[in-house]
Amino acid sequence: MKAPRLNRKLVLEAPVRTADGAGGYIETWASLGTVWAEVTARSGSERQVAGVPVSRVGYRIVVRGTPEGSLMRPSPDQRFAEGIRRFVIRAVAERDPRGQYLTCFADEEVAA
């Protein structure tokens with residue numbers, strides 16, 4: 001297995017929930033730090049959401065491995081940001097037996 005080309009700078013973000021004073025919450029995103037990644041498109045589809053066409057593209061995003069429990073280890077409740085683009089992380093797995101790299105399966109949704 002050859003080493004990935006980590007040539008894209010992504011920001012790892014985690015959701016932050018704040019009480020809205022009416023019994024609910026407001027969700028914002030906090031930056032956890034920057035990672036270098038290899039981003040590869042996998043597949044795409046289009047569907048209707050409330051009458052609006054939404055395009056979904058799946059990506060395989062490879063980053064350097066980090067230990068379990070580290071704040072910089074991506075998890076399925078987080079996302080990557082690159083400018084105005086957002087990649088929602090769906091699953092994370094070790095890419096190699098030594099855990100040098102992690103593969104994140106993510107979706108980018110774009111409203112038309």
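Reckoned from all heavy atoms, side chains included, excluding hydrogens, waters and symmetry mates. Heads up: numbering here begins at 1 and tracks the sequence.
Proximity of a side-chain donor or acceptor of Arg86 to a complementary backbone N or O of Gly83 within less than 3.5 Å is detected. Arg73 contributes a side-chain N or O that, together with a main-chain N or O of Thr66, makes up a donor-acceptor pair within less than 3.5 Å.
One distance of note links CG of Leu32 with CG of Leu12; it measures 4.5 Å at 0.5 Å rounding. If you take CD on Glu27 and CZ on Arg17, they are separated by 5.5 Å, rounding to the nearest 0.5 Å. Put simply, CZ on Arg79 and SG on Cys104 are 15.0 Å apart, with the number rounded to the nearest 0.5 Å.
Heavy atoms only, all atoms of each residue included: Ser31 and Val11 are closest at OG-CG1, 3.3 Å. The two atoms that bring Val16 and Ala30 nearest to each other are CG2-CB, 3.6 Å, heavy atoms only.
In this view, Tyr59 and Phe87 satisfy the ring pair (Phe, Tyr, Trp, His ring centres under 6.0 Å) rule, not counting sequence neighbours.
With a 6.0 Å radius and a threshold of 12 heavy atoms from other residues, nucleotides or ligands, Leu71 has its CG atom at or below the threshold. Counting non-hydrogen atoms of neighbouring residues, nucleotides and ligands closer than 6.0 angstrom, the CZ atom of Arg5 reaches no more than 12 such neighbours.
A cation-pi arrangement is absent between Arg90 and Phe105, since the terminal nitrogen or guanidinium carbon is not both under 6.0 Å from the aromatic centre and inside a 45° cone about the axis.
A continuous path of hydrophobic side-chain contacts links Phe80 to Leu102 [ILVMFWY only; heavy atoms under 4.5 Å]. Linking ILVMFWY side-chain heavy atoms closer than 4.5 Å, directly or via other members, places Val39 and Met72 in a single hydrophobic cluster.
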query: Taking it one step at a time, do Lys9 and Glu82 satisfy salt bridge (Lys or Arg N to Asp or Glu O under 4.0 Å)?
result: CA-CA 7 Å; Lys9 193 175 180 179; Glu82 181 182 43; over 6 Å; no
Steps toward side chain to side chain donor-acceptor pair (under 3.5 Å) verdict (Arg95, Tyr101): CA-CA 5 Å; Arg95 182 174 186 264; Tyr101 298 99; over 6 Å; no
message: Could you walk me through whether Arg8 and Glu38 satisfy the salt bridge (Lys or Arg N to Asp or Glu O under 4.0 Å) test, starting with their C-alpha distance in whole Å, then the side-chain angles of each, then the deciding distance to 0.1 Å, before giving a yes or no?
response: CA-CA 6 Å; Arg8 303 264 295 265; Glu38 176 182 77; over 6 Å; no
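Side-chain contact between Ile61 and Leu10 is present, with at least one heavy-atom pair separated by less than 4.5 Å.
Listed by first and then second residue, the ring-ring contact (aromatic ring centres under 6.0 Å, His included) pairs involving residues 29-52 amount to none (not counting sequence neighbours).
None of Leu6, Val92, Val35 except one satisfies the side chain to side chain contact (heavy atoms under 4.5 Å, CB included) rule with Val63; the exception is Val35.
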